[in-house]
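Before any comments, here is the structure.
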Amino acid sequence: MSSKYPVSVRTCLPLCALVVETAFILIFFFFTTYDVVSEKQQLMDKYQVFQDVTVMAALGLGFLASSFPKHSWSSIAFDLFILAVGVQWAVLLNGFLKDDYNGEIVIELSSIQVATMSAMSVLISASAVLGKTNLVQLMMMALVEVTAFSVVYMTSKKVFSLEECTSMMYIHVFAAYFGLAVTWCLSMSTPSKEQMEERLAKSSSLFAMLGTLFLWIFWPRFNSTLLYSPDERKNAVFNTYYALAVSTVTAISVSASAHPQGKINMAHIHNAVLAGGVAMGASCHLISSPWPAMVLGLLAGLISIGGAKCLPGWARPVGLMRFHRMLMVHYTFGLPGLLGEFAYIIVKVYQLSSTTNSLMCYKILFDIGVLSFVMVMSLATGFLTGSLLRLKIWKAPDRNKYYHDQTFWKFPHLAAGF
Amino acid sequence: MSSKYPVSVRTCLPLCALVVETAFILIFFFFTTYDVVSEKQQLMDKYQVFQDVTVMAALGLGFLASSFPKHSWSSIAFDLFILAVGVQWAVLLNGFLKDDYNGEIVIELSSIQVATMSAMSVLISASAVLGKTNLVQLMMMALVEVTAFSVVYMTSKKVFSLEECTSMMYIHVFAAYFGLAVTWCLSMSTPSKEQMEERLAKSSSLFAMLGTLFLWIFWPRFNSTLLYSPDERKNAVFNTYYALAVSTVTAISVSASAHPQGKINMAHIHNAVLAGGVAMGASCHLISSPWPAMVLGLLAGLISIGGAKCLPGWARPVGLMRFHRMLMVHYTFGLPGLLGEFAYIIVKVYQLSSTTNSLMCYKILFDIGVLSFVMVMSLATGFLTGSLLRLKIWKAPDRNKYYHDQTFWKFPHLAAGF
Amino acid sequence: MSSKYPVSVRTCLPLCALVVETAFILIFFFFTTYDVVSEKQQLMDKYQVFQDVTVMAALGLGFLASSFPKHSWSSIAFDLFILAVGVQWAVLLNGFLKDDYNGEIVIELSSIQVATMSAMSVLISASAVLGKTNLVQLMMMALVEVTAFSVVYMTSKKVFSLEECTSMMYIHVFAAYFGLAVTWCLSMSTPSKEQMEERLAKSSSLFAMLGTLFLWIFWPRFNSTLLYSPDERKNAVFNTYYALAVSTVTAISVSASAHPQGKINMAHIHNAVLAGGVAMGASCHLISSPWPAMVLGLLAGLISIGGAKCLPGWARPVGLMRFHRMLMVHYTFGLPGLLGEFAYIIVKVYQLSSTTNSLMCYKILFDIGVLSFVMVMSLATGFLTGSLLRLKIWKAPDRNKYYHDQTFWKFPHLAAGF
């Protein structure tokens with residue numbers, strides 16, 4: 001029975017959503033005002049950057065997550081829902097956590113943009129969880145994860161005095177391991193291998209490729225957007241572009257060598273071509289010639305394909321299918337993100353090479369400490385969120401209905417009226 | 001027989017199109033010159049805005065209309081055709097109707113942009129009519145509707161002295177009710193319910209979602225583009241963004257509550273998530289804090305889903321399928337557009353609350369008068385156009401062939417050669 | 001056997017790609033540095049233009065090439081691969097061939113942009129060759145063609161003293177005839193007509209339409225990007241837009257008249273609507289009123305559809321299917337490109353009409369000479385490349401496997417694990 005009639009979220013979802021939305025409206029009513037803008041050119045430029053970031057979040061990550069053919073409707077529409085909830089909450093949180101908060105949040109265009117970037121952490125994590133959760137669970141996850149990431153972001157900015165850009169770039173590592181931790185909690189059992197394979201069948205459509213291309217094209221914008229010196233911004237754009245170009249060439253060619261008949265795996269391509277951009281995130285403004293970016297792109301491509309090929313090996317005994325989406329997140333954002341953080345530490349050390357050894361050691365330990373803090377925060381909040389989402393009250397979809405649009409969507413041919 | 005061999009527009013279409021095109025070229029030859037531009041930065045900024053508006057028209061509205069799987073080729077290609085015809089005609093009309101017209105139209109980048117926005121009225125109306133009309137009919141409709149809308153736009157700008165932005169925002173109401181009136185005239189009979197359901201079958205593909213996302217992302221640009229004070233423009237961007245975010249959350253969650261098993265209707269999502277942007281159009285520059293925009297977004301989402309659910313009820317006796325596309329236009333652009341106009345009147349009244357009662361009454365009556373003028377114009381010209389399009393000379397597609405690409409397109413597997 | 005187990009590029013592809021990539025990194029290491037940027041506004045504007053050109057290359061041309069349903073994965077992914085390789089090589093080549101080269105290449109944002117435009121020549125040619133070649137062959141072709149086009153581009157800029165924009169616009173003619181020459185060499189035999197027709201079957205999907213629309217929307221940017229006077233740039237934007245609008249109307253309506261039942265051919269639409277933009281390329285900055293652009297758009301639409309209809313007639317005896325993709329390239333870029341070059345000569349002559357006859361004759365002969373040089377270079381290098389690609393060492397796909405994704409891609413349902 002339960003496999004035929006999935007648990008309905010008919011009352012639960014609208015109730016939760018409208019309560020959250022009403023709460024948001026009330027908080028906005030009491031605590032926020034708009035910035036006053038007088039300079040038109042600046043507004044135009046900022047708006048352009050903001051719009052490009054929104055394209056990445058809604059189109060890029062939305063379509064990237066659509067590679068399951070029977071679950072593509074949910075992936076894209078739920079991503080838009082998460083984005084809309086996440087941005088509102090992130091604007092409020094970033095306002096409350098600001099140094100100069102005095103009872104009123106002044107909303108600027110840049111604060112919506114930073115909020116969109118924070119909400120992208122949920123979109124990245126969600127791509128590991130989509131198909132196993134309903135919208136109520138995803139909304140809860142969005143609220144918790146935006147909170148956790150905003151705390152991490154503000155801590156590394158204010159407590160550890162890191163630059164805005166460096167603090168933001170922990171997003172990849174944070175989101176990937178948060179997502180992994182949540183999935184770990186959720187997926188104690190899955191549909192049978194046969195059922196899953198049928199659902200993976202045609203997989204990885206051209207829509208996912210569309211999402212990939214949008215991300216590929218706009219990634220230099222993403223990495224450069226929180227930098228304010230023209231020269232750093234230029235470095236970020238150039239390095240990200242070169243890293244992406246090299247990781248594309250590497251990923252596609254190495255994917256062929258990983259298959260016995262030399263065939264390319266589309267799922268690799270969707271994700272690994274982006275590895276260069278992720279790996280470049282943390283150090284993109286510090287490098288001022290193309291070759292280190294290209295080397296990093298090469299390594300990111302290798303690590304990403306390597307991760308995709310090797311992990312299934314030791315993961316198989318634990319349950320093959322359970323890891324499928326986790327892995328995609330891990331090798332797209334997790335591993336290249338870690339590589340990027342290590343590259344950041346190496347570049348920093350190189351820049352300090354003229355100073356004393358003790359200072360350098362301190363710097364290395366400090367950076368490793370911050371990275372560990374991010375990892376611990378992401379895994380801890382991830383497991384907490386995962387445990388929270390396993391509660392019965394959320395009416396999670398039945399495990400036989402994982403990765404199936406039919407659980408959530410009215411299909412015309414099944415409908416009595418329309 | 002007639003169902004097998006649809007009426008050919010082989011000679012009719014190229015003849016009409018080439019005559020119209022030649023007429024355009026002659027009018028452009030005798031009456032137009034290009035503007036002289038000397039400031040590069042300004043050109044770059046204006047070009048960017050113009051390009052974004054074109055993305056909304058060609059990609060956004062084009063793909064939004066593609067939700068019928070057997071009619072998606074026609075929807076997208078015909079929309080591009082209408083856009084190309086409509087923009088040329090709108091540039092000429094807006095030039096002729098200008099105050100300072102002295103026998104020569106100076107074409108600026110902004111005039112092509114305003115023309116694109118005027119031509120979008122045809123794209124909106126066409127989404128109610130596509131599938132029941134051939135390209136000749138659509139071209140005629142484009143010419144008539146661009147004329148009618150340009151007259152409305154210029155009247156409200158020059159006779160009623162409204163701002164450029166406010167005049168343009170009547171586009172949603174005008175286009176929706178124009179489209180409804182035309183469809184009413186065209187669709188005295190439709191294919192049988194079975195035939196239609198088969199054609200609706202898989203419906204609402206991911207391409208329509210792509211169109212929706214493009215519109216969602218670029219809507220703040222659309223609402224802000226005719227505002228020239230930086231502060232008003234900033235208000236427009238912020239308010240539109242918040243209204244869209246809230247209407248997305250509302251529409252998706254309320255769509256679930258409207259279904260007995262709590263399932264979400266994809267057709268609702270395609271359209272209702274945009275309701276916030278439409279409703280925000282008229283008053284977006286006047287509101288200077290986020291909460292009224294969010295409330296409006298909430299109401300727009302509710303009204304849009306409510307309209308989609310309730311109207312079929314009383315519409316059923318009249319003929320269910322006949323209304324399908326009309327309804328989409330009505331609840332995406334019609335109802336939220338009306339809500340937006342009422343919000344505009346309320347905001348105006350609120351701003352005048354310090355003045356005398358008689359002035360306020362006059363202002364309310366004046367605004368309602370303008371709205372009525374737009375409604376009357378749109379319905380009247382719509383019915384006229386509809387009656388015109390029913391003439392035999394246009395060789396309309398047979399009613400059994402409604403919503404079917406095969407009527408208009410050569411399919412490779414049916415072709416003798418290629 | 002050979003039809004079941006296509007030749008594996010398992011070792012060949014990664015080896016070649018990594019060797020090329022390592023060579024690039026070494027050359028970048030020894031010869032390049034980044035530009036120093038101090039002015040933020042300029043960087044923002046240049047970045048925007050660069051990003052739009054990348055959208056055209058990766059999304060536009062990538063999806064335009066995806067019209068074969070069984071070969072769409074390869075088309076898009078291989079295009080991205082070619083782009084990534086081509087841009088890196090073109091940046092280096094353009095640096096080495098510069099006048100002021102003194103042992104160090106300073107990479108600016110504009111040099112990556114020009115490199116992207118040069119690499120687009122490979123994407124255009126590749127659309128004639130895709131489906132008959134593997135990635136190793138395509139990479140070789142990219143390296144050779146970027147070299148040849150950069151030589152042509154630099155020669156016409158430095159030796160013939162043509163403007164940057166005019167030199168770049170030879171790209172359409174060069175790429176089209178290079179691609180034709182390569183295909184001619186490759187396709188001495190093809191799959192049987194039945195096999196091909198089955199592979200063409202559903203053809204020309206909405207994804208190709210998406211690519212077309214991206215190109216259509218961004219084409220004014222492409223044509224105007226290498227112009228530096230605001231007035232010339234404005235002319236380029238306006239003329240390109242009008243030419244595209246008119247060629248769209250013409251192409252769609254004439255396509256209907258070319259079919260016995262008045263049906264429109266989707267493959268025509270994908271390509272012929274762009275003819276106006278291609279034809280406008282060379283002379284877009286010289287024309288300062290809309291009507292000549294519109295006339296050119298009309299002619300381009302007619303020539304493009306005419307070319308698509310007439311060529312198959314005399315081509316049929318030689319082997320119908322062999323020409324299919326060649327023809328698409330020919331009537332999208334080849335014929336309209338030639339038309340554009342002739343229009344350029346006529347406009348130049350018209351501007352010189354006040355001078356002496358002998359100067360005018362010299363000018364005409366000079367321009368025809370440059371065009372002939374481009375044609376000869378493109379055909380010669382094309383045939384050379386084609387002969388090179390026929391060598392056994394590249395392990396070209398078996399002819400029965402032409403236009404089939406299965407040759408190159410791992411499909412989930414065929415996979416043992418995943």
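Chain A is the first sequence line, chain B the second, and so forth, proteins listed ahead of strands; every chain is numbered from 1.
- Residues B:S257 and A:P14 approach most closely at CB-CG, 3.2 Å, considering heavy atoms.
- Contact of A:L210 with chain B is made through the side chain alone, with heavy-atom distances under 4.5 Å.
- Interface residue A:F214: only side-chain heavy atoms are found under 4.5 Å from chain B.
- Heavy-atom distances place the backbone of B:I287, and not its side chain, under 4.5 Å from chain A.
- When the candidates A:I27, A:V36, A:L15, A:I107 are compared by the number of heavy-atom contacts under 4.5 Å with chain B, A:I107 comes out ahead.
- Residues A:L135 and B:I264 have side chains in contact (heavy-atom distance under 4.5 Å, counting atoms from C-beta outward).
- Between atom CE of residue B:M209 and atom CZ of residue A:F207 there is a gap of 11.0 Å, rounded to the nearest 0.5 Å.
- Looking only at side-chain heavy atoms (C-beta outward), B:P220 and A:Y47 come within less than 4.5 Å of each other.
- B:K234 places a side-chain N or O within 3.5 Å of a backbone atom of A:D35 that can act as its donor or acceptor partner.
- The interface of residues 18-25 of chain A with chain B, defined by heavy-atom distances below 4.5 Å, comprises A:L18, A:E21, A:F24, A:I25.
- Both the backbone and the side chain of A:L109 come within contact range of chain B, with heavy atoms under 4.5 Å apart.
- Here the closest heavy-atom approach between residue A:T54 and residue B:W216 is recorded as CG2-CZ3, 4.1 Å.
- Within residues 82-92 of chain A, the residues having any heavy atom under 4.5 Å from a heavy atom of chain B are, by residue number, A:L83, A:A84, A:V85, A:V87, A:Q88, A:V91.
- Proximity to chain A at a heavy-atom threshold of 4.5 Å picks out B:P290, B:W291, B:M294, B:V295, B:L298 from residues 290-302 of chain B, in numerical order.
- Separating the OG1 atom in B:T248 from the CG atom in A:L80 is a distance of 5.0 Å, to the nearest 0.5 Å.
- Put simply, of A:D45, A:T32, A:L59, the one with the most heavy-atom pairs under 4.5 Å next to chain B is A:L59.
- Interface residue B:I269: only side-chain heavy atoms are found under 4.5 Å from chain A.
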- Can you check side-chain contact (heavy atoms from CB on, under 4.5 Å) on B:S289 and A:T33, steps first, answer last? CA-CA 5 Å; B:S289 51; A:T33 51; 5.5 Å; no

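- More than 12 heavy-atom neighbours from other residues, nucleotides or ligands sit within 6.0 angstrom of OH on B:Y228.
- Neither the backbone nor the side chain of A:Q42 has a heavy atom closer than 4.5 Å to any heavy atom of chain B.
- Contact annotation for residues 238-246 of chain B against chain A (heavy-atom separation below 4.5 Å, listed by residue number): B:F238, B:N239, B:Y241, B:Y242, B:A245, B:V246.
- Using a 4.5 Å cut-off on side-chain heavy atoms (C-beta onward), B:Q48 and A:M44 make no contact.
- With a 4.5 Å cut-off on side-chain heavy atoms, A:L43 and B:V237 do not count as touching.
- You'll find the side chain of A:F63 reaches within 4.5 Å of the side chain of B:L213, heavy atoms only.
- With a threshold of 4.5 angstrom between heavy atoms, A:T116 approaches chain B through side-chain atoms but not through N, CA, C or O.
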